[in-house]
Peer 1: 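Starting off with a structure, shown below.
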Amino acid sequence: MAPMEVDRADGRTSNQLRPLSCTRNVLHRAHGSARWSQGDTIVLAAVFGPKAGTKKEENPEKASIEVIWKPKTGLIGKVEKEYEMILKRTLQSVCLLTIHPNTTTSVIVQVVGDDDRPELSLIQLEVQMIIKNNSSIIRAFLALRITHVMGLRTPQLLPCAINASCAALADAGIPLKYLAVAICCGLTGSRSVILDPTKIEEKVFSYSCMLYLLVDYFNCLDRGYAACAKISEFLRRSMESQAPSDLTKTT
Amino acid sequence: MAAATSTPFGGGDTGGGGLAAGEMEVEAYRRLFPLAFYERHLRDSVRPDARPLHRARDTSIALGPVAFSDGSALVKIGDTTMLAAIKLEVMTPATDAPDEGSLAIEFYMPPICSPTVRPGRPAEVAPVISKQLSDTIISSQMINLKELSLVSGKASWMAYLDIYCLNADGALFDAALLSAIAAFSHLQIPLVSLNDDGKVITVSEELLEGKPSVELVNKEKRKLSLQRIPFSLTCLLHGKYILADPTAEEESVMETFVTVVLDSLGQLVSIYKPGGAVLAHRSTVKECIRLTKQRIDELKNILAESASAMEVA
């Protein structure tokens with residue numbers, strides 16, 4: 001079952017990602033900030049913290065993370081709450097929570113760029129992995145979500161936000177165990193995997209079979225791992241190249 | 001629940017917080033060192049309520065508890081209780097889908113379900129589960145929306161599915177999904193007719209006997225045909241252990257969970273793992289999928305039994 005090479009609308013091959021760009025320290029009042037863009041999907045993340053005190057239900061022996069997701073347009077609804085929860089749980093496992101107990105770190109994610117057209121979406125797979133010790137990528141998922149969603153949705157916002165938040169946390173100097181990197185893979189009707197789908201493509205690919213084989217899913221994962229390797233390379237390079245942030249920043 | 005309350009419990013050999021030599025009551029140990037308490041059980045492949053790691057709690061389904069709704073179900077998985085009810089309303093279909101009905105799915109966690117939910121402090125998980133439910137039900141294509149159509153282009157059914165959590169004791173998504181499916185399997189589409197203004201109104205059985213000349217739009221009450229019913233199982237991950245169908249206490253101690261949804265043909269509908277400290281390797285995911293397949297067989301039987309119980313009654 002060899003996957004077919006798919007012709008994509010913007011001329012990419014099925015394994016090719018959109019151009020990535022990461023800028024840190026874009027906001028001067030935030031303790032850490034990063035702007036991450038993949039093609040037209042742009043997300044801005046800001047980190048404030050650690051601040052004193054935790055919310056009532058949180059464990060006071062650990063630091064807690066609070067995530068606020070701001071969509072580009074519209075009111076905050078269930079979609080944003082779900083993103084907040086996933087991002088919070090992912091970041092909780094990435095940060096070293098025991099270093100600053102009884103504090104709260106706020107991560108605010110603002111969606112700046114979003115392909116504006118409504119889409120029919122594909123089966124989407126969002127895979128997030130981790131980089132450890134500047135070397136190998138641990139082949140495991142921190143968080144993953146396979147959904148086959150119809151209707152108005154932007155699948156690649158969450159991976160973009162995860163990447164941006166990790167870069168912002170590093171910029172703020174919050175102690176992290178490792179960095180998380182995320183990618184979105186789509187599975188088209190013809191069961192070939194494409195990476196980093198955009199909204200336009202999803203409109204074109206209408207799926208007729210909803211049959212979902214485990215093989216396809218693992219196939220997606222393999223491609224996802226390979227892509228995450230590239231993204232983590234990029235992240236590492238961008239962190240090393242930018243000048244260290246202003247040391248006189250106030251807390 | 002742990003049976004003995006006052007027998008001394010040889011305290012902390014591992015991670016018990018330094019209580020090396022002391023003895024302590026079981027309940028106190030459970031509250032003070034919950035993780036150590038659970039780990040001692042996990043080493044013997046059992047849980048405090050004497051369930052083996054891969055077994056789900058007792059599940060029961062009761063169809064039709066809400067008399068005035070068009071379909072309803074009360075589901076209990078262990079102590080987690082969900083009440084689902086469906087109301088059908090006639091409305092004009094969308095212009096780009098003139099012969100399809102529509103669904104609106106909402107999930108509520110009223111303060112009755114848990115001490116942490118208060119009127120001014122809604123549960124954080126409620127909107128997330130609500131969205132997960134509607135995604136799962138719509139994307140599994142269990143309901144053929146064309147069956148909800150009445151008169152093409154003019155009238156179709158809008159099904160409002162409301163699920164109320166009455167007792168939140170872990171595995172909320174599983175119970176909510178099961179209650180939604182049970183309610184849909186109980187749903188009977190009422191009879192309707194056109195009245196003088198050309199509007200579609202519902203007709204009750206008694207009216208029918210009195211006026212034989214009433215023209216019905218749909219000939220008989222019917223049920224929806226459900227294909228590819230989605231079933232789910234939530235598993236907690238802790239170290240190398242996988243615990244199926246967690247209680248609320250287990251979920252608060254071990255935070256990482258995976259929810260796998262498969263349909264009745266064994267095909268994958270969704271895998272959901274929202275972050276968490278434990279990383280999932282492929283073998284873990286495969287194991288979770290295998291456990292879900294086992295669970296599906298149990299759930300299919302329970303659903304079939306409850307349906308036949310309804311017919312007898």
Side-chain angles (χ1 to χ4, degrees), chain A residues 55-57 59 65 67 76-95 97 121 123-130 132 138-151 153 158 162 177-178 180 209-218 221-222 225, chain B residues 105-107 115-118 121-142 145 227-228 230 237 252-253 255-263 265-286 289-290 293:
Chain A
K55 286 198 280 205
K56 235 177 165 177
E57 286 159 27
N59 184 359
I65 303 202
V67 177
I76 295 188
K78 290 186 253 177
V79 178
E80 285 75 35
K81 292 281 174 206
E82 188 187 9
Y83 284 154
E84 282 178 9
M85 189 191 87
I86 297 183
L87 200 53
K88 173 180 165 168
R89 297 176 69 110
T90 306
L91 295 179
Q92 268 176 344
S93 43
V94 157
C95 296
L97 296 175
S121 75
I123 300 168
Q124 326 150 5
L125 169 71
E126 291 160 24
V127 179
Q128 297 136 33
M129 313 181 342
I130 56 179
K132 189 168 181 181
I138 296 188
R139 302 188 136 241
F141 338 60
L142 210 48
L144 76 95
R145 183 162 73 142
I146 300 184
T147 46
H148 168 183
V149 177
M150 285 147 64
R153 275 269 252 142
L158 190 57
I162 290 172
K177 285 184 220 166
Y178 28 67
C209 66
M210 256 61 68
L211 296 186
Y212 221 140
L213 297 182
L214 222 49
V215 178
D216 287 334
Y217 154 57
F218 285 123
L221 281 184
D222 286 329
Y225 285 138
Chain B
I105 303 173
E106 274 294 336
F107 175 74
T116 52
V117 178
R118 299 307 318 146
R121 243 195 311 149
E124 279 182 358
V125 294
V128 178
I129 293 183
S130 179
K131 182 165 169 302
Q132 251 187 290
L133 272 176
S134 42
D135 281 350
T136 307
I137 292 178
I138 292 176
S139 70
S140 69
Q141 302 214 321
M142 165 173 85
L145 291 176
Q227 299 121 3
R228 290 210 285 260
L237 303 179
S252 64
V253 172
E255 287 181 351
T256 313
F257 66 90
V258 180
T259 301
V260 177
V261 182
L262 299 178
D263 68 12
L265 302 170
Q267 284 157 15
L268 191 59
V269 175
S270 102
I271 297 182
Y272 188 74
K273 177 181 183 289
V278 178
L279 308 173
H281 299 268
R282 288 192 198 202
S283 52
T284 319
V285 177
K286 284 188 183 160
I289 294 180
R290 189 187 68 82
K293 285 201 171 127

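Residue numbers begin at 1 in each chain, while the letters A, B, ... track the order of the sequences. Just so it is clear, the values below take in all heavy atoms, side chains as well, and ignore hydrogens, waters and symmetry mates.
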Peer 1: Can you name the residues that form a side-chain contact (heavy atoms from CB on, under 4.5 Å) with B/V117, not counting sequence neighbours?
Peer 2: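 Testing B/V117 for side-chain contact (heavy atoms from CB on, under 4.5 Å), a comparison that skips the adjacent residues, returns B/M109, B/C113, B/S114, B/A123.
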
Peer 1: Kindly write out the residues that satisfy side-chain contact (heavy atoms from CB on, under 4.5 Å) with B/I137, not counting sequence neighbours, or none if the list is empty.
Peer 2: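 In terms of side-chain contact (heavy atoms from CB on, under 4.5 Å), with neighbours along the sequence ignored, B/I137 is linked to B/L103, B/I105, B/M142, B/L161, B/L177, B/A180.
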
Peer 1: Start with the C-alpha gap between A/Y83 and B/V128, add the side-chain angles, then the distance that decides, and say whether side-chain contact (heavy atoms from CB on, under 4.5 Å) holds.
Peer 2: CA-CA 9 Å; A/Y83 284 154; B/V128 178; over 6 Å; no

Peer 1: More than 12 heavy atoms of other residues, nucleotides or ligands under 6.0 Å from CD of A/Q92: yes or no?
Peer 2: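 Yes.
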
Peer 1: Just by modelled atom types, is the B/K273 backbone N or O under 3.5 Å from a matching donor or acceptor in the A/R89 side chain?
Peer 2: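 Not a single qualifying donor-acceptor pair exists.
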
Peer 1: Could you tell me which of A/K88, A/M85, A/E80 has the largest number of non-hydrogen atom pairs under 4.5 Å with chain B?
Peer 2: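 Top count of heavy-atom pairs under 4.5 Å with chain B: A/M85.
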
Peer 1: Walk me through whether A/K78 and B/E106 qualify under side-chain contact (heavy atoms from CB on, under 4.5 Å).
Peer 2: CA-CA 11 Å; A/K78 290 186 253 177; B/E106 274 294 336; 3.4 Å; yes

